[in-house]
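Heavy-atom basis, side chains included; hydrogens, waters and symmetry copies ignored.
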Amino acid sequence: MEPLGREQQERIAELLKRWKPLDDREGIQSPMSPLLQFAQTITDARANNTRWDQATSVLITYGDSIQRSGEHCLITLTGFINQHLMPLGTVVHVLPFLQATSDGGFAVASHEKLQEHLGDWEALECLSAGRTLMADLVLNHVSAAHPWVQQFRQRQEPGLHCVLAPDPDADWSQVVRPRSSALFTPLQTQDGLVPVWTTFGPDQVDVDWSSPAVLEGYASLLARMVRHGVSWLRLDAVGYVWKEPGSSCIHHPRAHLLVKLLRTLLESIRSDGVVVTETNVPEDENLSYLRPGDEAHIAYNFPLPPLLLEAVQRERPDLLNRWLNRWPSLPNQTTLLNFSASHDGIGLRPLEGLMENDRLEQLLEGCERRGGLISHRRLSDGAERPYEINISWWAAMAGGGRDPSLHQRERYRLSQLLVIALPGVPAFYLPTLLASANDEASFRRSGQRRDLNRERFDVEMVERRLEDPYSDTQFTLQTIREAMAVRATLPAFDPQAAFETLSGSMADRVILKRGSGANSVWAVHNFSANRINLDLRSLANQEHWCDRLQDSAPVAAQLTLAPFAVHWLQPC
């Protein structure tokens, strides 16, 4: 790689000057030198300028989701992906793998060492061979066991100025909370009890981004990750990183500035690097990290999971259609990460303004009947509101009648194929691919509701299920694998290709048109348990059609859609 160019240096320097007051030259120079140095010293032999296309998909997994006795989990995961998941997993998102104390790895206790049972940095690098690797920068907080917090307790540097400990009596009345826990947690120090900010809970202590040591520490972590194969960065909870009295303490201009800075640093090392923002908030707030064009490359499409889930369970996609009809126009080389399930619950804040309260209540009740749980957040007035649904996607696809398995497979297939058909990059959570049920045993052990959808699997057990042609696991994984193989051959499904919703606000079907001209594909989805007749000539003036999901088999112009059926149609 060529040394860092003058334009890149000037861009980084300009962002750093905006980060610190212009008259604080010493404060600017302090972090600038190591940042520029790390950007210049990493070689980038694999970089290219193609970030994604229609073959790209993201596999979301914990490093220990697949386990074999006596073997480091990252080694087991690498072997399982290579043997069973191709062509999925062109991008593998390994959820937090650093030493941690709670919250599924998001309470990071060390920026240098991996969790012992996963392996080491070399094992992580082996996983990156032949694919793109995505990792989390947990920016808002560290574990209470992190060295910075321990140094803060001892009133030692650099931790003394890395922990966020503002005056708790300042005006914090407008703070937007993602949890119902206390905003401040008293921390015992050599100088007595000191209240520190804990956005997500007492074991997750917020860091002070005004400290140069915090910026340097995360820059060093970014460098270490890239050296070991990471080129996509997920910025966890980035909207909360900057706090200011009298404000909501979310989406502060400094949060957006930090995204710009991290993107510039990553692209100076990896020309194909991708920054993904994770902000589980109402849609306009979420998209604010894409719309400037120089912040995130990708943002999670958070309204999709709850709208899709409600449409499937209710067998009525009118709200989903209404939302699809106003699909956002985004800057070039930015896109959305489309998904149904992830390691977190199904967020409900993105539904604000999109779903009436009575239908939301029915959605929550439907999920509870299927074994799900509801987590809440606390508002500034002390009231609590539903924040997310905790349930496995496979359990959520069950029927609401006497036979839960009736049409469960068809609902699952419908939901995943719609995700695949949308503009953007599709993402699949490994437990969802493997038809994981609600993991009630793990929830009972931990008391953490999210553990309902964080099942760990013995590799030999999963392989036995995959060998059984009648198992749900074999069906769910094969469904996605085959659909993604077809998607990879169709330019109409490129994330940037044209998109149009043709179903208006219909209450029983979703019809999407992707691409343009001869490459166009019509994706037709029946969201009801009834058979629906569809005249394909209403889509285009063509008599002869074929279904790309069925090896291009001919389809009659008068098509009867089976319950929960999906067709990818082209004139032929």
Side-chain angles (χ1 to χ4, degrees), residues 52 58 60 93 106 134 136-140 174-179 199-200 232-242 247-260 262-263 274-310 319-320 322-355 360 375 377 379 385-389 418-419 422-427 429 495-496 499:
W52 53 69
V58 176
I60 306 170
H93 174 203
F106 285 91
M134 175 172 163
D136 291 271
L137 278 182
V138 184
L139 298 170
N140 184 73
Q174 303 303 312
V175 174
V176 172
R177 298 301 315 284
R179 296 288 186 273
T199 298
F200 290 91
W232 284 30
L233 293 175
R234 176 184 181 270
L235 306 186
D236 176 67
V238 66
Y240 296 97
V241 297
W242 196 271
S247 76
S248 65
C249 299
I250 186 171
H251 313 311
H252 189 280
R254 287 296 186 91
H256 289 276
L257 182 57
L258 180 59
V259 177
K260 295 177 190 285
L262 292 173
R263 170 172 170 159
V274 169
V275 168
V276 183
T277 47
E278 186 269 341
T279 52
N280 190 357
V281 292
E283 186 173 26
D284 282 345
E285 298 175 35
N286 184 42
L287 295 178
S288 71
Y289 293 88
L290 288 181
R291 286 183 167 136
D294 63 346
E295 294 185 22
H297 299 93
I298 297 178
Y300 279 71
N301 197 355
F302 278 112
L304 176 59
L307 286 171
L308 178 57
L309 177 59
E310 198 259 358
L319 296 184
L320 178 62
R322 193 180 306 166
W323 174 71
L324 291 170
N325 269 308
R326 56 178 188 79
W327 193 267
S329 177
L330 299 173
N332 188 36
Q333 291 302 307
T334 67
T335 194
L336 291 164
L337 192 73
N338 297 316
F339 67 109
S340 60
S342 73
H343 62 289
D344 288 339
I346 298 168
L348 299 175
R349 286 211 66 205
L351 287 180
E352 293 176 15
L354 298 178
M355 184 179 293
L360 175 58
S375 297
R377 69 185 182 98
L379 304 182
R385 284 189 183 171
Y387 179 71
E388 67 179 20
I389 301 169
L418 185 133
V419 168
L422 292 173
V425 175
Y429 182 45
Q496 317 296 145
F499 171 68

_Donor-acceptor pair, distance only, cut-off 3.5 Å: does the side chain of N286 make one with the backbone of Y300?_
yes

*Passing candidate, side chain to side chain contact (heavy atoms under 4.5 Å, CB included) with V175, options S247, C249, S248*: C249

*asked:* Quick check: do V238 and L137 have side-chain heavy atoms less than 4.5 Å from each other?
replied: no

_Flag side-chain contact, heavy atom, 4.5 Å: N280 against Y387_ = yes

*Heavy-atom side-chain contact between D344 and E278 under 4.5 Å*: yes

_Working to the nearest 0.5 angstrom, can you tell me the gap between L337 CG and R234 CZ?_
9.5 Å

*Closest heavy-atom contact between N338 and V419?*
O-CG1, 3.4 Å

*CZ of R349 to CZ of R385: how many Å apart, nearest 0.5 Å?*
9.5 Å

_Tell me if a side-chain donor or acceptor on T279 pairs with a main-chain N or O of V281 at a distance below 3.5 Å._
no

_4.5 Å side-chain heavy-atom contact, T199 and P178_ = yes

_If you compare all heavy atoms of L139 against all heavy atoms of L258, which two are closest, and at what distance to 0.1 Å?_
CD1-CD2, 4.3 Å

*asked:* Does L348 form a side chain to side chain contact (heavy atoms under 4.5 Å, CB included) with I389? I'd like the steps, not just the answer.
replied: CA-CA 7 Å; L348 299 175; I389 301 169; 3.9 Å; yes

*Rounded to the nearest 0.5 Å, what's the gap from CG on L308 to CG on L319? Could you check?*
12.5 Å

*Side chain proximity check, L330 to T335, heavy atoms < 4.5 angstrom*: no

*Residue of the set H297, Q496, Q333 for which side-chain hydrogen bond (donor to acceptor under 3.5 Å, both in side chains) holds with W52*: Q496

*Taking all heavy atoms of I346 and all of L309, pick out the closest pair and write down the distance.*
CD1-CD2, 3.6 Å

*Quick one: pull up OG1 in T334 and OH in Y289 and give me the separation to the nearest 0.5 Å.*
15.5 Å

*Nearest-0.5 Å distance, OG1 of residue T277 to CG of residue L287*: 9.0 Å

*Exercise: identify the closest heavy-atom pair between M355 and L307*: CE-CD2, 4.1 Å

*asked:* Taking E295's backbone N and O only, do any of them form a donor-acceptor pair with R263's side chain (distance below 3.5 Å, no angle check)?
replied: yes

*Can F339 and H93 be said to form a ring pair (Phe, Tyr, Trp, His ring centres under 6.0 Å), step by step?*
CA-CA 13 Å; F339 67 109; H93 174 203; over 10 Å; no

_On a heavy-atom basis, which atom in Y240 and which in N140 lie closest, and how many Å separate them?_
O-OD1, 3.0 Å

*Does E283 come within less than 4.0 Å of R326, counting only side-chain N to carboxylate O?*
yes

*Step by step, work out the side chain to side chain contact (heavy atoms under 4.5 Å, CB included) result for L360 and L351.*
CA-CA 9 Å; L360 175 58; L351 287 180; 4.0 Å; yes

*CG on L336 to CG on L304, rounded to 0.5 Å*: 9.5 Å

_Measuring only between side-chain heavy atoms, which start at C-beta, is W232 closer than 4.5 Å to V58?_
yes

_Using every non-hydrogen atom in the two residues, find where P306 and G347 come nearest and quote the distance to one decimal._
CG-O, 3.5 Å

*Evaluate side chain to side chain contact (heavy atoms under 4.5 Å, CB included) for D284 paired with R291, printing each intermediate quantity in order.*
CA-CA 10 Å; D284 282 345; R291 286 183 167 136; 3.8 Å; yes

*Ring geometry between H256 and H251 (parallel below 30°, tilted from 30 to 60°, perpendicular above 60°)*: tilted

